[in-house]
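Residue numbering restarts at 1 for every chain, and letters A, B, ... go by the order of the sequence lines. When reading the values below, keep in mind they use all heavy atoms of this one structure, side chains included, and skip hydrogens, waters and symmetry mates.
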Amino acid sequence: MKIEALAIDTHPRNSWKSFDLGCRMAMQWWWPLYGFMLCSTLPFFLLFTLLSPEYGVYLLWLLKPWFERGLLYIHSRQVFGQQVSVVEALKAWQSQIKVYWLASITWQRLSPSRGFDLPVAQLEGLRGEKRKARLRLLHQTTDDNSFWWLLICLHWELFITFGLLMLVNMLIPLGFEWNIAEAFYSESNLILIAYNVCWYFALVLIAPLFIGGGFAAYLNRRILLEGWDIELGLKKIRNRWSAKQISLLVILVAGLMGYAADAPVAYAQTNELEQATEELATDPEEPQLSEDALKKHTAIKESLQEILAGPPFHNKEMVRDWRWTGWKWESSESEEPPDLSGWMGVFAVIAKFAEVILWVLFISIIGWLLWLSRHQLAKLLNIKVDLKKQKVDLPAFSRHEKQQGLPSDIPAELDALLEQQAYRQVLSLLLVSSLTYLYEKHDLSLTESMTELECLAEIRSKVQGESLRFMTSLIQLWIDLAWAHRWPNAEKMAELCTQWQQVFLTVEAGETP
Amino acid sequence: MRQNDFIQLKQQDWQLFKELLESSEVSDEHDLPKMFRQLTHDLSIAKSRHYSPALISHLNQLLLLGQQQLYKPHNRILMPLMVFVKHTFPAQLTEFRFYIIWAHILFYGVALLMFGITFLEPEFIRNVLPNAQVVHLEEMYDPSDSRFEEERASDSDFIMFGYYIFNNISIAFQSFVGGLLLGFGALYILLFNALYFGVVSAHIVNIGYQDTFFSFVITHGAFELTAIVISAAAGTVIGYSLIAPKKLSRIHAMKASAKKVFPLIFGSFLMLVIAAFIEAFWSSSHSIPNYVKYAVGGFCWVWVLVYVFRRAPNEN
Amino acid sequence: MIDNRYALETPEGIDIMLTPAGIGVRTMAFVVDLLIRGVVLFAASMALQFTGNMGQGLFFILLFCIEWFYPVLFEIYRGATPGKKYFGLVVVYDNGLPITLPGSMLRNLFRSIDILPFAYLSGFVAILCSKQFKRIGDHVAGTMVVYQDTPSKVEHFTVDELPQITLSLTLEEQQTIVAYAERSQSFSEERLQELANQLEPMLECRGEEAVIKLKAMAAGLVGKV
């Protein structure tokens, strides 16, 4: 029993609130509780109903207190944070029944405060007169509603049984002649079995709640009467204190090491600080903060984060996104007209065609997907596809004039254009040809929507040296012409053309034999 | 600060706050919101310093009372009812016009279809209603019946009023709640009523009792049928929100749509009360000549349809 | 930590603790309401049986009104039906505010879903599965049923003498000791000593002396001089 790991909130309540707490406990630990309940009762239920479909359930009802022992065992362990599995509970169950095993199913079976009294015998282990005195003491209050709790659970058990029966009745299709009221008075076995099964489920559902409520009421009574919560608190204080006494020596020894252990933390903190200052320094907008102010700033920020994460702030966050959860066909709202027999033949024909069409559609979609991912596939299969044959996706600005591809003899074309003083065409041609060249050479990622400067930035990231210098001046000239309408002079254009020949043609000549 | 010093310091404020909450009159002397904020501050201090649980729960309760007083929603009846009839209900009718129009088309479409079928094939009614009910129906609207000679006593009018209210409103509520079954419950009730209505009216025409029947149903039918159609439309809105919750989770979408269509349900509920009233005291009266009933009934139909289908006036 | 309380965050940034009411007490409240309704209907039928058909009509109207509006009227004017009032419950919106007409209408309309398939089976399951013990109507209307506690008096305790004790305690431990002193009146003398004996190694005494010492500590903690 670890009192530090207490799993419930122990403040004084009234009895109704304690029953509510019991229900919450039962729901929180539903897995071991209901698992145990099913595992332990199902064989008995099956056996008894096989023996006698009529009276078997009464036998199970009589033996119910035995199963409740196991439930209380789970509740009492879970309260102190000890996880109990179904198997553990089943193993411990036998030893739990020993106390009052006969009394609990005979004269104590009809006790009005069964759930509340059970912990006294089972957990406190009191017997005989002692137990009676203890119970008298615990029941000495005006707020003792354990009998009401038993009545409530009893009635819910009945109501749920009938509710389930009604549910079954509702689910039976109309054509099947079965009236619940008639069947109930008839001698048929079917209704008996249905009733037994429904009652069994109601029993399994209610029992952990009943025991949870009783146990919580018992704990609450002890809290009010004996200060059970205070006792736990005081025990905790003592545990901490004695642990401190013992570990004094250990602490003395560890004290020295403490320094060493502290150092990396401090180092990490300063490291973080430096990083923060660096980040701040690179931002020109931010005024420089002094080291001290920064320290204070981060410290405040940290403590704020800590406070915001704490209890009064709920930090509720609702995140919604779309997620694939598999095929789920939602039913459409349309109502079908009642008479369809004439249409059925037509539908059948349509359906057959639809099947073929769907298959065709499916196959063509697959084919289309394959076509879209052909490059990846090629890479996967190690097939060389000549990417250079692909059309270059040149930025839109460079294609100022409509061009049907590059002329075969670019220098001659350039000269001709220079003669006519068609500088726009000249620049455009230069841009197109050099971009095409650079694209092939340096694997530029160009898109149609790029602006001049974006294009230049892309070139700058991939290309160095002479070509870059040329491209910078070329694009600058282009911007001046296209946007600022500054007409370049003839010398400059001629110089650019020769530069282009030097940069691109010579390199190309040097490379390709 | 120790707990006792804290209590000593604040106790008077708390006491005053409690007294102000309990007194009904409002005075400008004390700033209640400010005191409330101070109290929240006190509670957070008490919590953070782990003062005794009793003190914390005391402050907690005081704070809850304060919150309920300060943020209390209004709870007036008459004025909101006026606003509802004049603005809220027409506005909601406009917003869900699509559903309402479709519900009308579905209802009257099915009713007309059934009317046609039964009119052409009188035996069709045997498929829909059990024989006893048909006989009962025939008796009810038999013009030669002695009941139509004398005026029904007002006490039996009261029975019928009570019965009609109970009956009609259950239908409206059912179709609203039936929306939860993905809207199928609402549609089922709508279609079932349409079928019943079509078959019965055609049968009445077949056996030639139309005068007693239509003079009876025309006036309250304006309210009753429209209300049933509107509530079914409201049900399908909820159902549709479950089928297509858009960006919300299903439970949130259902909540939001239930809140949104609530005016529709409440409005149809009002209409059904009116209908029950007319049905019990006006429709069943035999001293009123039929042409008056037709005139008044026609007027009611026009008024109801105009009210339901006109565009809501702008809020501003 | 399992607790049946529910922390409600207010715009002022503080949690108010509300205690939602669960199956047990709400069943009891429902039974009380059922009895009240039954008695009223029975009395009405007795009184109206002499008025003939008109009486029957009135009875239908009454039945309808009680069926649908008994909870609504009581909830919007008194905060809860008499049955709930009797058990100290009140119906509030999720934000802790008193319920109004739309909310109350909605939650009571949806009673007809909760009642399915028979005897509130869906309502029972919904209440069990909800941390705030909401039935389906409560989910739809955004309401819940909570216990209404009146502000309790802070209990005072008396100390005669004040021996000086100093122990280093965490805040939670201090809280335990203060609670010990504040609730000391509800425990027997033997039990008080038994509890105080838990701290024997620290207080270095037992029995009565330990009780006095512990109370003195509490007095010191709350600042009683």
Review point. Will you find, in the side chains of C:D114 and C:S122, an N or O donor that is under 3.5 Å from an N or O acceptor?
Key: no
Practice item. Under 4.5 Å heavy-atom distance to chain A, tell me which part of C:F87 shows up: side chain, backbone, both or neither. Key: side chain
**Study point:** Check: A:R13 main-chain N/O paired with A:N220 side-chain donor or acceptor under 3.5 Å
**Key:** yes
Review point. Between C:E75 and C:N108, do the side chains contain an N or O donor and an N or O acceptor separated by less than 3.5 Å?
Key: yes
Practice item. Name the region of C:I127, side chain, backbone, both or neither, that has any atom closer than 4.5 Å to a heavy atom of chain A. Key: neither
Check your understanding: Do you see a donor-acceptor pair shorter than 3.5 Å between the side chains of A:N145 and A:S15?
Key -> yes
Revision key, fill the gap. Residue from C:T176, C:L195, C:V25, C:D3 scoring the most non-hydrogen pairs under 4.5 Å with chain A is C:D3
Review point. Does the side chain of C:T100 pick up a donor-acceptor pair with the side chain of C:Y93 at under 3.5 Å?
Key: yes
Review point. Judged by modelled atom types alone, do A:E231 and C:Y180 share a side-chain donor-acceptor pair under 3.5 Å?
Key: no
Practice item. Return yes if some donor-acceptor pair links the side-chain N/O of C:R26 with the main-chain N/O of C:F133 below 3.5 Å, else return no. Key: yes
**Study point:** Contacting region of A:L158 [heavy-atom separation from chain C under 4.5 Å]
**Key:** neither
Exercise for review: Would you check if there is a donor-acceptor pair between the side chains of A:D143 and A:T141 at a distance under 3.5 Å?
Suggested key: no
Study note, to complete from the structure: Counting heavy-atom pairs under 4.5 Å with chain C, the top scorer among A:R238, A:M25, A:E226 is A:E226
Practice item. Pick one of side chain, backbone, both or neither for A:I152, based on which atoms fall under 4.5 Å of a heavy atom in chain C. Key: side chain
Exercise for review: Please look at A:F19 and chain C and tell me whether the side chain, the backbone, both or neither of the residue comes under 4.5 angstrom of a heavy atom of that chain.
Suggested key: neither
Review point. Contact part of A:I206 toward chain C, heavy-atom cut-off under 4.5 Å: side chain, backbone, both or neither?
Key: side chain
Exercise for review: Counting only heavy atoms closer than 4.5 Å, note whether C:T27 contacts chain A via side chain, backbone, both or neither.
Suggested key: side chain
Revision key, fill the gap. Note: vs chain A, highest number of non-hydrogen pairs under 4.5 angstrom among C:C129, C:G88, C:A7, C:P20 is C:A7
Review point. Do C:F30 and C:Y120 make the cut of ring centroids closer than 6.0 angstrom?
Key: yes
**Study point:** Donor-acceptor under 3.5 Å (A:W16 side chain, C:G24 main chain)
**Key:** no
Exercise for review: Select, from C:K131, C:E172, C:R5, the one with the greatest count of heavy-atom pairs under 4.5 Å involving chain A.
Suggested key: C:R5
Revision key, fill the gap. If one checks every heavy atom of A:W30 against chain C at 4.5 Å, the contacting part turns out to be neither
Exercise for review: May I ask you to decide if A:K17's main-chain N or O and A:N14's side chain share a donor-acceptor pair within less than 3.5 Å?
Suggested key: yes
Review point. Considering only heavy atoms, which portion of A:H11 lies under 4.5 Å from any heavy atom of chain C: side chain, backbone, both, or neither?
Key: side chain
Point to revise | Proximal component of C:Y147, with respect to chain A [non-hydrogen, under 4.5 Å] | key: side chain
Check your understanding: Where does A:M27 contact chain C at under 4.5 Å (heavy atoms): side chain, backbone, both or neither?
Key -> side chain
Check your understanding: For A:L209, is it the side chain, the backbone, both, or neither that has a heavy atom closer than 4.5 Å to a heavy atom of chain C?
Key -> side chain
Practice item. Using non-hydrogen atoms and a 4.5 Å limit, figure out which bit of A:Q28 sits close to chain C: side chain, backbone, both or neither. Key: side chain
